[in-house]
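A short worksheet on the structure shown next.
Please read all numbers here as calculations on a predicted model, not as lab measurements.
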Amino acid sequence: MAQPAEKISVYNLADLKNTSDDALPNYLNSLKFKQSHYLTDVRLALGYSAFAISAACFAWDYKFGFANTKTLTTAAVTVYFILNSVLTFWMFVREKGIVYEGTSPSGEFISITSKTKKNVPIYNLSITVTDKSSNKRVFKISQPFASWFDQAGQFVAQPFQELIATSVPVVGKCDPKRITVSQDLLDASPDVLNAILAANSATAVGSSTAAQAAGKAAGGKRRKA
């Protein structure tokens, strides 16, 4: 039996944002995007390195005494300070709100940052898509959380996925069924129209092939009769 969706408080802005952030990799990875864990790996490496330095410093100080390890302790404190400074820089300058990085099935690199303003229940996304020629395009999304959370605090995936697929052409090409179309949207983003036409073309080809196969099968049966 399927488990009911987890409920959160619709008045807790942090929970709304974190749940929405978590939904991004779940959705994109389901479309065969390949997620990059480079930022997390570097952060963990810096954090564990700083911890290892402090643990080693404690161990040799406990075993040999401070007087005999002053030089090592001074060096360890210096290295620890440097590692923590680099870690702080990495988290607040390099990562700076990035919740997803990955590569689309067609090879474009996508980076997504999210943020909210204090006491304002609006989800703000900045999505940077870099193609194979290193050309970048940035897509901005600002939408109230109420668009994909119901009154009970349950996350509703379909409107959230429709928002991402409609706003970002590289996602829409991978999931054209989630694109919701308006004339204003088509005028603003021809790439969305291209994604829809490509999907309709593929559907038409598939239907035609199936019809031809069915016709041949029916013809074969009539000849045998």
* Stepwise side-chain contact (heavy atoms from CB on, under 4.5 Å) test for K17 and F145 -> CA-CA 8 Å; K17 180 182 181 299; F145 288 105; 4.2 Å; yes
If you round to the nearest 0.5 Å, how far is [atom2] of [Y] from [atom1] of [X]?
{"X": "T113", "Y": "K140", "atom1": "OG1", "atom2": "NZ", "value": "6.5 Å"}
{"X": "E162", "Y": "S147", "atom1": "CD", "atom2": "OG", "value": "11.0 Å"}
{"X": "K173", "Y": "I179", "atom1": "NZ", "atom2": "CD1", "value": "10.0 Å"}
{"X": "S85", "Y": "L83", "atom1": "OG", "atom2": "CG", "value": "8.5 Å"}
{"X": "I8", "Y": "S20", "atom1": "CD1", "atom2": "OG", "value": "7.0 Å"}
{"X": "Q161", "Y": "K177", "atom1": "CD", "atom2": "NZ", "value": "13.0 Å"}

Give a yes or no on whether [X] and [Y] share a hydrophobic cluster (residues Ile, Leu, Val, Met, Phe, Trp, Tyr; joining criterion: side-chain heavy atoms under 4.5 Å apart).
{"X": "L31", "Y": "V99", "value": "yes"}
{"X": "L39", "Y": "M91", "value": "yes"}
{"X": "F139", "Y": "F109", "value": "no"}
{"X": "I82", "Y": "Y80", "value": "yes"}
{"X": "Y38", "Y": "L87", "value": "yes"}

Identify the two heavy atoms, one from [X] and one from [Y], that lie closest to each other, and give their separation to 0.1 Å.
{"X": "Q35", "Y": "P25", "value": "OE1-CB, 3.7 Å"}
{"X": "L13", "Y": "P121", "value": "CD1-CA, 3.7 Å"}
{"X": "G153", "Y": "V10", "value": "CA-CG1, 3.6 Å"}
{"X": "K96", "Y": "V93", "value": "CD-O, 3.1 Å"}
{"X": "N124", "Y": "S142", "value": "OD1-OG, 2.7 Å"}

* Would a line drawn from the ring center of F160 to the ring center of Y27 be shorter than 6.0 Å? -> no
Could you tell me whether a side-chain N or O of [X] sits under 3.5 Å from a main-chain N or O of [Y], the two making a donor and an acceptor?
{"X": "D61", "Y": "C57", "answer": "no"}
{"X": "K132", "Y": "S106", "answer": "yes"}
{"X": "D175", "Y": "V171", "answer": "no"}

* Asked: Taking it one step at a time, do W60 and N68 satisfy side-chain contact (heavy atoms from CB on, under 4.5 Å)?
  -> CA-CA 9 Å; W60 67 57; N68 296 323; over 6 Å; no
* Option from Y11, F155, Y123 for which ring-ring contact (aromatic ring centres under 6.0 Å, His included) with F149 holds ->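 Going through Y11, F155, Y123 one by one, the ring-ring contact (aromatic ring centres under 6.0 Å, His included) with F149 is satisfied by F155 alone.
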Could you tell me whether the side chain of [Y] reaches within less than 4.5 Å of the side chain of [X], counting heavy atoms only?
{"X": "T116", "Y": "V120", "answer": "no"}
{"X": "S104", "Y": "I110", "answer": "no"}
{"X": "T166", "Y": "R178", "answer": "no"}

* For V170 and I127, run side-chain contact (heavy atoms from CB on, under 4.5 Å): C-alpha distance rounded to whole Å, both residues' side-chain angles, the deciding distance at 0.1 Å, then the answer. => CA-CA 11 Å; V170 69; I127 304 169; over 6 Å; no
* Asked: Are I164 and L125 close enough, and set up right, to give a side-chain contact (heavy atoms from CB on, under 4.5 Å), and what steps lead you there?
  -> CA-CA 10 Å; I164 304 300; L125 290 177; 3.8 Å; yes
* Only one of S126, S114, S167 forms a side-chain contact (heavy atoms from CB on, under 4.5 Å) with I141, so which one is it? -> S167
